[in-house]
Trainee: 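Shown below is the structure under consideration.
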Amino acid sequence: MATRPPFVNPDFEYDEDDFEYDDRPSGVSREMLALFMQDMMNKESGKVAPDTTGVDYFFLDEFVTKDMEYDFALIEQDFIQHCSGKLQEFNEAGWYGEDERWTAAPKIALQKKMVRLMYNGAKLGDRYCVELIKYLYKVYHKKEYNQLKRFSIISTSEIFSLSEDEWGGNSYGTIGRILGMCQFMNIKQDESCSILYLLLDKVRKEYISDNEEEREFLDFEDGLFEECVQQIELWIKDYDHGDFRDFRKATKVYHEHDEFVEACLRHLGYPSDYVFLCMDNNMGLRVQMARTLAVLKTANPKKDYTFEEVQKYTAIYSTVAALTDVADDFDYQLGYLTGDPVDDFEKEDMLFKPENIQYREETEKKPSVQKPIINVAPVSNGEASTEDYLKEIAELRRKVNERELENKNLRELYRQAKKQFDEAERMNKKYESERDELIALRDFVYRLENDVEAVAEDSFDDMKKAIAAKNVVIVGGHVNWISKLKAFFPDWLYIPPNAYKTVDGKMLDDKDHVYFYTDYMNHISYVKFIAAVRERKIPFGYLGSVNIETVVKQIYEDLCK
């Protein structure tokens with residue numbers, strides 16, 4: 001573990017519980033008053049250099065913006081190129097009380113850790129790191145940079161003004177960022193700013209305490225795990241008679257859910273056993289089920305669980321265990337690459353001894369000018385040697401390997417792009433169909449809210465003739481209402497509400513329009529038939545009137561105007 005930052009720490013901490021101020025100024029909390037008293041006593045005792053840990057913590061917490069996150073590959077590559085030999089020094093310069101892996105996804109944790117190294121390097125005075133931090137601040141916090149650069153000396157009230165957010169509050173991250181950048185931009189802070197260092201460190205400790213409490217281990221009671229092992233064995237014993245097939249039968253529910261996990265992995269382009277490749281402590285299905293049951297009994301001690309329920313949860317437990325193992329391994333390996341020391345007790349069991357590597361230092365040769373490959377082996381002139389051929393083969397292999405890597409990356413990009421395109425197409429079709437449905441519903445509601453007057457007899461006959469030849473489908477409706485409609489339009493297709501049990505979408509082929517009678521239809525029937533209509537892209541609408549003349553006029557207006 002890295003050391004604490006080598007910056008001044010006040011060795012006296014005032015206990016706010018010692019204060020009982022009933023006459024404190026209006027709007028000043030007891031906690032803030034205690035910080036003011038602490039600050040005053042620090043100054044009286046000569047502790048003028050503040051503890052920067054809280055400022056550093058919040059500086060790093062929100063330094064990476066979305067734009068910086070997008071560009072971070074180039075940022076970290078440039079940083080490594082300039083500072084690869086100093087990473088351990090930067091890493092040991094300062095740690096601010098919390099590992100990034102517990103508060104962010106692996107990618108963000110990596111970025112935060114790299115920024116911490118850059119920031120520590122700048123605090124140590126590394127010229128490149130100072131300029132890098134200033135450049136990142138100028139590019140990715142441009143508005144704030146333009147405001148801050150105008151100051152040669154800054155006060156607490158001015159920092160609060162710069163850090164005010166859109167809701168009128170103040171961001172701890174912005175306060176920490178401003179205070180942190182002052183040291184690199186040669187901006188002095190007046191003596192009032194010392195209270196901000198105390199404030200941010202107090203809040204930092206509260207944040208860390210809350211995070212530690214949130215991820216506190218869910219420990220098992222003594223004997224609970226052993227009890228769960230026995231319970232799993234009793235359940236399996238009902239099936240297991242020494243035959244592997246019996247155990248497979250006993251754990252059928254688990255394997256059904258595990259197959260779904262495998263399908264998800266394949267869908268995302270990973271091998272089906274990827275969960276088990278990532279698990280560090282996989283001791284077999286029996287132990288996994290015992291662990292799962294112990295977690296369930298710890299989280300809900302009063303609830304009884306069946307063997308089938310435990311099997312379902314075991315598939316989830318194994319997946320979560322693999323996820324956290326990946327996060328832990330990623331953090332450990334990243335730590336070793338960026339300067340975290342390997343513990344001595346780990347070194348004791350290692351076979352690798354770097355001091356035993358023996359090699360000769362070769363004198364540096366001046367690089368010779370490499371001729372183009374086509375001139376190295378002029379076979380037609382009979383001047384090619386074995387060495388010429390070997391050089392040409394090596395160069396050709398290198399180029400083939402480059403092309404293979406490029407092709408692999410292109411295939412992966414194509415696969416991902418095609419997957420995203422297909423999903424977008426499916427969503428687009430879904431939204432288009434839902435849009436059509438909303439339009440039809442809007443028209444239906446409009447007709448309900450605006451009563452339609454009865455039509456004249458002669459015009460009613462004309463409308464009947466006009467729509468009689470149309471291929472119309474009526475879904476739903478009371479049997480008496482359907483009988484009246486059939487008397488006028490016997491050639492139309494009428495589908496009763498209970499027909500959803502045997503939905504055959506082919507019956508809708510070549511139809512001009514489908515109408516749903518919503519007042520006499522259950523939800524299941526509607527869902528199944530609307531899906532068939534969408535699939536065939538058939539125009540549809542809704543009917544809500546028992547008046548046959550009104551229905552005829554609506555269909556006439558839809559199909560003939």
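Note: hydrogens, waters and symmetry copies are ignored here, and every other heavy atom, side chains too, is used. In this text, all values refer to a predicted model and were calculated from it rather than measured experimentally.
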Trainee: Could you tell me which residues satisfy salt bridge (charged side-chain N to carboxylate O under 4.0 Å, His left out) with Glu259, sequence neighbours excluded, listed by chain and number?
Mentor: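 In terms of salt bridge (charged side-chain N to carboxylate O under 4.0 Å, His left out), with neighbours along the sequence ignored, Glu259 is linked to no residue.
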Trainee: Assign the ring pair Trp235 / Phe307 to parallel, tilted or perpendicular, where the plane angle (0 to 90°) is split at 30° and 60°.
Mentor: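 Correct class here is parallel.
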Trainee: Starting at OG1 of Thr251, measure out to CD1 of Ile236 and round the result to the nearest 0.5 Å.
Mentor: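 So the OG1 of Thr251 and the CD1 of Ile236 are separated by 7.0 Å.
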Trainee: Is there a donor-acceptor pair closer than 3.5 Å between any side-chain N or O of Thr292 and the backbone N or O of Gln288?
Mentor: yes
Trainee: Is the backbone of Lys142 close enough, under 3.5 Å, to the side chain of Asn146 for a donor and an acceptor to pair up by distance?
Mentor: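 Here the side-chain-to-backbone pair exists.
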Trainee: Return yes if some donor-acceptor pair links the side-chain N/O of Asn300 with the main-chain N/O of Lys302 below 3.5 Å, else return no.
Mentor: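 Such a contact is absent between Asn300 side chain and Lys302 backbone.
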Trainee: Strictly distance-based, threshold 3.5 Å: is any side-chain N or O of Asp325 a donor or acceptor partner for the main-chain N or O of Asp280?
Mentor: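 Yes, because the side chain of Asp325 sits within donor-acceptor range (under 3.5 Å) of the backbone of Asp280.
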Trainee: Indicate yes or no for a side-chain donor-acceptor contact from Thr65 to the backbone of Met68 under 3.5 Å, with no hydrogens or angles considered.
Mentor: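 Side chain of Thr65 to backbone of Met68: a pair is present.
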Trainee: Ignoring hydrogens and geometry, is there a side-chain-to-backbone donor-acceptor pair from Ser194 to Glu191 under 3.5 Å?
Mentor: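 Between the backbone of Glu191 and the side chain of Ser194 there is a qualifying donor-acceptor contact (under 3.5 Å).
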Trainee: Of all heavy-atom pairs between Val229 and Ala290, which one has the smallest distance, and what is that distance?
Mentor: CG2-CB, 3.7 Å
Trainee: Between the side chains of Arg204 and Asp51, is the shortest nitrogen-to-carboxylate-oxygen separation below 4.0 Å, so that they form an ion pair?
Mentor: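 No, this pair does not count.
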Trainee: Looking at Asp61 and Arg177, does any basic side-chain N land under 4.0 Å from a carboxylate oxygen?
Mentor: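 Salt bridge flag = no for Arg177 with Asp61.
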Trainee: Going by the angle between their ring planes, with limits at 30° and 60°, are Phe58 and Tyr207 parallel, tilted or perpendicular?
Mentor: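 Rings of Phe58 and Tyr207: perpendicular, over 60°.
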Trainee: Determine yes or no for a side-chain-to-main-chain donor-acceptor pair under 3.5 angstrom, with Glu89 supplying the side chain and Lys86 the backbone.
Mentor: no
Trainee: Between Lys297 and Glu221 (salt bridge meaning N to carboxylate O under 4.0 Å), is one present in this structure?
Mentor: no
